[in-house]
Amino acid sequence: MQIIKVKDYDEMSSKACELVVDKVKKTEDPILGLATGSTPEGLYERIIKKYKQGKVSFKNVTTFNLDEYIGLDGDHPNSYRYFMNEKLFKHIDISIDNTFVPNGIASDLEAECKNYEKLIQEVGGIDLQILGLGTNGHIAFNEPGTAFDSRTSIVNLTKETLEANRRFFDSIDEVPTQAVSMGIGSIIEAKEIILLASGESKAAALSQVIAGNVTEDLPGSILQQHDHVTVIADEAALSQVK
Ligand code: F6R
C-alpha cells in the first residue's frame with residue numbers, strides 16, 4: 001500500500017486527478033471504477049478542467065460506479081446516476097452509453113446485480129478503481145460485517161451511513177435504507193485502486209485500513225491485501241495513523 005500524505009482536500013483532489021489522467025492517457029480503452037459522495041467531487045472538478053484545457057479525452061473510457069440507492073431513478077437529484085451526470089459525465093467527452101451505474105429501480109434487482117458483474121467481466125475488469133471511505137470503514141456500501149468475497153448485491157445501510165448521508169436529503173426519513181453495491185470481492189479485482197480520504201471524520205477508519213487487523217468488521221482493511229493500492233489522504237485523515 002502506497003500512502004501519499006497531502007495537506008488538505010484540494011491537494012488530495014489534485015494528486016488524484018494527476019493519477020487518473022495519467023492512467024487514462026496511458027491505457028488503451030481504460031475502464032474506470034468511480035465513487036460518489038463528497039470525497040471525489042474535487043477530483044471530478046479537476047478532471048473537467050483538464051478536459052476543457054484539452055489535456056485529456058474520455059472518448060475511449062468506460063466507467064462503472066460503485067453503487068446506487070434502491071428506489072431512486074436516475075433523474076432523482078439524490079441518485080448516484082444523477083450525481084455522476086451532473087458532476088462529471090455531462091462536462092466531458094465520454095459517451096454516456098459507456099457509463100454504468102447500477103439501476104436502483106430495476107424491476108428485478110437480483111438480475112440487475114448479476115448483470116452488473118457480467119458487464120464488468122465482459123470489458124475485462126476495472127483498470128483503476130476510485131474509492132472513498134465511510135466513517136465506519138465501509139467501501140462502496142459494503143458495511144461492517146460484509147464478507148470479503150461478496151459480489152454486487154442488494155445491501156442494507158447502517159444507521160451510521162444513513163446519518164452520514166442525511167445531509168443530502170431534507171430529512172433522515174428520505175434517505176433510502178438499501179442500495180445496490182458492488183461487493184468487496186468485485187472491488188478488489190480491480191487492477192489498481194486509489195483510496196481517497198479527507199478530514200478528521202475519516203481518521204479512525206483510515207488508521208484501521210492502513211494499520212489495523214484485516215477484518216470483515218472494517219471492510220476497507222481488505223485493501224492491505226491488494227498489491228496495487230494508493231491511499232491519498234490529508235493530514236487530518238491521517239492524524240490517527242502512528
Ligand atoms: C460512494 C460510496 C461510499 C462513499 C463513502 C464516503 O459511491 O461508495 O462508500 O465513498 O460513504 O462518502 P463521502 O465521500 O461523502 O464522505
Side-chain angles (χ1 to χ4, degrees), residues 8-10 12-13 16 20 32-45 63-70 72 74 76-89 99-104 113 116 120 126 128-146 150-169 172 175-188 190 193-206 208-209 218-223 229 231-234 236-238:
D8 54 20
Y9 181 83
D10 282 345
M12 177 197 76
S13 306
V20 172
L32 300 181
L34 299 178
T36 56
S38 304
T39 308
E41 278 196 56
L43 161 64
Y44 298 153
E45 278 166 21
T63 64
F64 286 90
N65 264 79
L66 288 169
D67 38 25
E68 178 62 284
Y69 286 121
I70 289 179
L72 302 191
H76 191 291
N78 284 324
S79 74
Y80 287 167
R81 161 52 78 182
Y82 187 89
F83 175 104
M84 290 310 303
N85 287 351
E86 293 300 310
K87 305 279 182 191
L88 184 63
F89 299 149
T99 68
F100 296 91
V101 180
N103 178 4
C113 295
Y116 205 69
I120 295 173
I126 289 170
L128 174 62
Q129 174 68 57
I130 303 295
L131 293 179
L133 184 65
T135 51
N136 62 3
H138 74 210
I139 50 174
F141 271 142
N142 296 292
E143 301 287 33
T146 306
S150 59
R151 310 303 306 187
T152 302
S153 62
I154 300 164
V155 298
N156 296 317
L157 306 182
T158 60
K159 203 161 163 268
E160 185 170 346
T161 297
L162 299 180
E163 286 290 347
N165 290 357
R166 69 177 290 178
R167 66 191 190 280
F168 299 111
F169 294 80
I172 188 137
V175 188
T177 55
Q178 286 190 310
V180 171
S181 176
M182 267 171 70
I184 298 177
S186 337
I187 291 169
I188 58 166
I193 295 175
I194 294 178
L195 174 71
L196 302 176
S198 168
E200 224 180 305
S201 67
K202 304 294 171 72
L206 187 62
Q208 293 296 110
V209 167
L218 205 297
S221 64
I222 190 66
L223 298 177
V229 173
V231 177
I232 309 176
D234 63 15
L238 284 166

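Remember, it's 1-based here, ligands and their atoms both numbered in the order they're listed. Excluded from the calculations below are hydrogen atoms, water molecules and symmetry mates; all remaining heavy atoms, backbone and side chain alike, are included.
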* Asked: Any N or O of Ala140 that comes nearer than 3.5 Å to an N or O of ligand 1?
  -> yes

* Asked: Is Thr135 touching ligand 1 with its side chain, its backbone, both, or neither, if touching means heavy atoms under 4.0 Å apart?
  -> neither

* Under a 4.5 Å cut-off applied to non-hydrogen side-chain atoms, are Cys113 and Ile154 in contact? -> yes

* Structure fact -> Looking at Thr36, Val101, Thr39, the heavy atom closest to atom 14 (O) of ligand 1 belongs to Thr39

* **Flag if over 12 foreign heavy atoms under 6.0 Å of CD, Glu200** => no

* Can you find an N or O of Tyr80 that's nearer than 3.5 Å to an N or O of ligand 1? -> no

* Which residue and non-hydrogen atom of the protein lie closest to atom 6 (C) of ligand 1, and at what distance in Å? -> Leu133 O, 3.4 Å

* To do: Please work out which of the three classes, parallel, tilted or perpendicular, describes the rings of Tyr69 and Tyr80, given edges at 30° and 60°.
  => tilted

* Measure the shortest side-chain to side-chain distance between Asn142 and Ser150 over non-hydrogen atoms and say whether it is less than 4.5 angstrom. => yes

* Quick one: does Glu160 get a heavy atom under 4.0 Å from ligand 1? -> no

* Asked: Would you call the rings of Phe64 and Tyr116 parallel, tilted or perpendicular, where under 30° means parallel and over 60° means perpendicular?
  -> perpendicular

* To do: Please name the pair of heavy atoms, one in Thr36 and one in Met84, separated by the smallest distance, quoted to 0.1 Å.
  => CG2-SD, 3.8 Å

* Asked: Does a salt bridge link Glu68 with Arg81, judged by any charged N lying under 4.0 Å from a carboxylate O?
  -> no

* **Polar proximity ligand 1 side, Asn165 side, N/O cut 3.5 Å exclusive** => no

* Give the atoms of ligand 1, by number and element, whose distance to some non-hydrogen atom of Gly37 is under 4.0 Å. => 14 (O), 15 (O)

* Going by the atom numbers of ligand 1, which of them fall below 4.0 Å from some non-hydrogen atom of Lys202? -> 6 (C), 13 (P), 16 (O)

* Nearest protein heavy atom with distance in Å, relative to atom 10 (O) of ligand 1 -> Gly132 CA, 3.3 Å

* Nearest non-hydrogen protein atom, atom 11 (O) of ligand 1 -> His138 NE2, 2.7 Å

* With a 4.5 Å limit on heavy-atom distance, are the side chains of Thr146 and Val155 in contact? -> no

* Region of Leu66 engaging ligand 1 - heavy atom pairs below 4.0 Å -> side chain

* Asked: Which residue owns the protein heavy atom closest to atom 2 (C) of ligand 1, what's the atom, and how far is it?
  -> Asp67 OD2, 3.4 Å

* **Any side-chain donor near an acceptor of the partner, Ser13 and Glu45, under 3.5 Å** => no

